[in-house]
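Working notes for the structure below.
Values below: all heavy atoms of this structure, side chains included; hydrogens, waters and symmetry mates excluded. Chain A is the first sequence line, chain B the second, and so forth, proteins listed ahead of strands; every chain is numbered from 1.
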2 protein chains.
Amino acid sequence: MPAKRRPAPATAEHAPLQLEHFLPYRLSILSNTISQAIADDYQRRYDISVTEWRVMAVLARFDGLSAREVAERTAMDKVAVSRALARLVEAGRVHRSIHDDDKRRSVLSLTETGWTMHDEVAPMARAREREVLAKLDAEEQAWLERILDKLQLTVR
Amino acid sequence: MPAKRRPAPATAEHAPLQLEHFLPYRLSILSNTISQAIADDYQRRYDISVTEWRVMAVLARFDGLSAREVAERTAMDKVAVSRALARLVEAGRVHRSIHDDDKRRSVLSLTETGWTMHDEVAPMARAREREVLAKLDAEEQAWLERILDKLQLTVR
DNA sequence: ACGTTATAGTTACATGTGAAACCATTTGCA
DNA sequence: TGCAAATGGTTTCACATGTAACTATAACGT
């Protein structure tokens, strides 16, 4: 018998939450596990964080964005973007200049170094994603796609 | 034209990653959005963090666990658990005593205060989860269940 | 019995993160 | 025009989090 003060039998009448069946909990575990598995690949090799990589991925697709636009597209807040950019510019992976017509705005793009790294990391990331998805059969993959779309739309 | 040094046209040849279709990214956004939406409910009201709530939820189901066992069941590391417990004990929500046969081990259980809070928060959390799941029809819910089970098993 | 190794848990340090304050510039409007 | 409000971005502060070092106790092998 554990303690003197054991206020109640931990059972039915309290209807405790079963974490392992609780959606937010499961999503959080799964998301962290997968993100970590994928990030491990490049994190050590290039000394870059997930947030920095996301910024690079966005700049690879949309050249010349401002920091605020990067923030929108990465769903990061502007402070996080500012910090990521500071490191990326420092490391010579991103080039930052000032917008001609609005001197508050920065104009961002990958440098050649940045592109080189991007072109190595992107395929790795995709390969890892495929490994994860390979656990599911085609039908499950389709449903997952559909479910994520739906939740993403409604839950914001 | 953005910058002088614009090394490459950001297009096909570089095959940039599309974050919005990239599984880990989507999971991470979704997970954070949902967790936050649910946690907001109780976080302010009870001044408790998600990690503390998870510890309480586990103790509600398994009375008398040690800290290590809590860590296992919450998928948190032992440092996080130690800190959460410090706060919970301080707040009078968890009772901690020492195991009779092993003085390293602690024996943990909810206090009456802890139970009272649990009995208020658990239904709230479940209700929020239902709201999220309500965005999906029955078939989608079933597939989600199945997909999460499968990924959870294999991706570790 | 005794020293080595393992385990439970906490503490310390370094790092990441978000909110709010802040600076510079631009926009809106009298 | 000129001045208040809004916007882009950085800095500061408080706090959360992870890793490694540490303390105390227990288990193991000789």
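Whole-Å rounding puts the D101(A) CG to dT7(D) C1' distance at 16 Å. Following rounding to the nearest Å, L65(B) (CG) and dA8(C) (P) show an atom-to-atom distance of 13 Å. M76(A) has its CE atom 17 Å from the P atom of dG8(D), to the nearest Å. Protein atom NZ of K78(B) is 12 Å distant from nucleotide atom P of dT19(D), rounded to whole Å. If you take CD of E52(B) and C1' of dT17(D), they are 14 Å apart, rounded to a whole angstrom. Taking atom CG of D47(B) as the reference point, atom P of dC15(D) lies 11 Å away to the nearest angstrom. One atom, CZ of R105(A), and another, P of dC23(C), lie 23 Å apart when rounded to the nearest Å. To the nearest angstrom, P of dT26(C) lies 15 Å from CZ of R68(A).
Dashed line: the shortest gap from a side-chain N or O of S66(A) to OP1 or OP2 of dG8(D) is not under 4.0 Å. Distances shorter than 4.0 Å separate none of the side-chain N or O atoms of S82(B) from OP1 or OP2 on dT11(C). Look at R96(B) and you'll find a side-chain N or O under 4.0 angstrom from OP1 or OP2 of dT10(C).
Residue S49(B) is classed as having no contact, given no heavy-atom separation below 4.0 Å to the nucleic acid.
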Evaluate the salt bridge (charged side-chain N to carboxylate O under 4.0 Å, His left out) criterion for residues E72(B) and K78(B): first the C-alpha distance (whole Å), next the side-chain angles of each, then the deciding distance (0.1 Å), finally the verdict.
CA-CA 9 Å; E72(B) 273 174 16; K78(B) 63 180 185 165; over 6 Å; no
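Checking side-chain atoms of Q36(A) against main-chain N and O of T33(A) turns up no donor-acceptor pair under 3.5 Å.
Between D40(A) and R128(A) there is no salt bridge, since no side-chain nitrogen of the basic residue lies less than 4.0 Å from a carboxylate oxygen of the acidic one. The residues E52(B) and R87(B) are annotated as salt-bridged, a charged nitrogen and a carboxylate oxygen being separated by less than 4.0 angstrom.
Under the 3.5 Å distance criterion, with hydrogens and angles disregarded, a donor-acceptor pair is assigned to the side chains of Y46(B) and E120(B).
If E69(A) and K103(B) are placed on DNA chain D by their nearest nucleotide, the residue sitting closer to the 5' end is E69(A).
Side-chain to base pairing of R104(A) with dT7(D): one donor and one acceptor N or O lie within less than 3.5 Å of each other. For a distance-only test at 3.5 Å, the side chain of R83(A) fails to qualify as a donor-acceptor partner of the base of dG9(D).
Taking only side-chain atoms of D102(A), from C-beta outward, the nucleotide of dG9(C), dT10(D), dT26(C) with the closest atom is dT26(C).
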